[in-house]
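When a ligand or atom number is given, it counts from 1 through the structure's own listing order. Keep in mind that this is a model prediction, so the values were computed, not measured. All heavy atoms count here, side chains included; hydrogens, waters and symmetry mates do not. Residue indices begin at 1 and follow the sequence shown.
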Amino acid sequence: MKIDYTSYKDVDLVGKKILMRVDINSNIDLEKMEIRDSPRIRALVPALNEHFKKSAVIILAHQSRPGNDDFIDLDIHAKEIEKYLKRPVKFVKDIYGEQAVQAIKDLKEGETLVLNNVRKFEGEMKGYKDFKEAENTDMVKTLFPLVDYVIVDAFGAAHRAHASIVGWPKMMVGPITDNELNALKKIMENPERPMAMLIGGAKAIDKFKAMKYNFDNEKLDYALCSGLTAILIFEALGKNMGETNHKIIAKDLEENKDMILETYESYKDKIILPEDLIIDDKGSRKTIEIDEAGTYNTTTGDIGLKTVEKFSEIIMKCKTIIANGPPGIFEMEVFREATNKLVETMVQATKQNNALTIIGGGEMGAAAAMSGKAEGISFISTAGGAMLEILSGKDLPMIKALREKKV
Ligand code: 3PG
Ligand code: MG
């Protein structure tokens, strides 16, 4: 992937009106309507404070996807930014309509305005192969002339060819992406071996494919699989993981079964699967064997201690460890133990073995922060899927657009 773009450092931003597309997609506690500790917001705030204090900043971002429960307005994100920034942050429940346009026109130096969830604009989420087509959307055509510069710094969503990511006629990179790419350079180019990937959470097939790419290219030594990726592999191998688990991965399994089995067969010594799983037994952790998952037919929300031990042993043998997706549904207290323990092991690997440890993804970053044990991890990335695609050797749409549309 060729990195070549105009940087926010190359221009004078003092007194300028800038539109910043960032990724503050966060884990939301829907009961309290609150953001759970968000590494993405915590990465944005110092960037705003250090570099854009004397500009008028308009923030454009998304939360979740249409149809999901957490596909919500960005007012609570604005409040959260305000909390850390310690100065007022404005919000309009509009993206490029009259209200938004007026608020942008009125915005003064030193002020910050958050626009509403950009995925509420229906032209946003098309995969724009042709970036010019994205330039012709109403949103881009309305917002672009209102500002002096557009900074696209949504590193966590850099793998999406969406209008607000690739559609600006001129665009430059911001400090978050710059910082991330510097930190990730090492694993992109020449990671120290052995290297392990700790794979968990959702988006199972994406993670499986990234793992496969790294094995095929002889870049990876171990894949420690948990979460839905483990369920997917177990089911491909013919195990009954219960209807509750099955429903979530059924489509991925049907479409990719042969590829999953072939990959597993080729790398089965390096793909480490769970030996025990956890179910919720009236608020307590109940450890079950893999073969019992079908009988209990409920969510297996975490990996058991036997598995944690096995994963930990391998982590302590490695010089590079990348965690993508938490091993358990960490939002629920009962499913948090493995995540906490493995974050601790990664910290230990960094300290004792001088290993490079990287945590990726909004979810895993939040899980690590919540564990209170993340201090000592080498780098916490704001990107999950995007990081996987970088590791898969792909040219990310956002980076490509930045290269093609330099200021
Ligand atoms: C993420 O959380 O992975 C990014 O914000 C991108 O979100 P998406 O997978 O819904 O495009
Ligand atoms: Mg996410």
Relative to the heavy atoms of [X], which atoms of ligand 1 are at a distance of less than 4.0 Å?
X	value
R160	8 (P), 9 (O), 11 (O)
N25	1 (C), 2 (O), 4 (C), 5 (O), 7 (O)
D23	4 (C), 5 (O)

What do you reckon, does S64 have a nitrogen or oxygen under 3.5 Å from a nitrogen or oxygen of ligand 1? no
For residues 306-327, which residue pairs pass the salt bridge (Lys or Arg N to Asp or Glu O under 4.0 Å) check, not counting sequence neighbours? E275-K310
Is it the case that the side chains of T300 and N245 hold a donor-acceptor pair, with the cut-off being a distance below 3.5 Å and no angle test? yes
Side chains of Y84 and N49: any donor to acceptor distance under 3.5 Å? no
Does ligand 1 have an atom under 4.0 Å from some heavy atom of [X]?
X	result
M125	no
G156	yes
H162	no

Determine whether the side chain, the backbone, both or neither of E363 has a heavy atom under 4.0 Å from any heavy atom of ligand 1. neither
With a 4.0 Å heavy-atom cut-off (strictly under), which part of R119 contacts ligand 1: side chain, backbone, both or neither? side chain
Best match, H62, M387, R65: closest heavy atom to atom 6 (C) of ligand 1: H62
From the list T229, N256, L228, I249, side-chain contact (heavy atoms from CB on, under 4.5 Å) partner of I205 resolves to N256
Pairs involving residues 255-277, ordered by first then second residue, that meet ring-ring contact (aromatic ring centres under 6.0 Å, His included) (sequence neighbours left out): F215-Y267
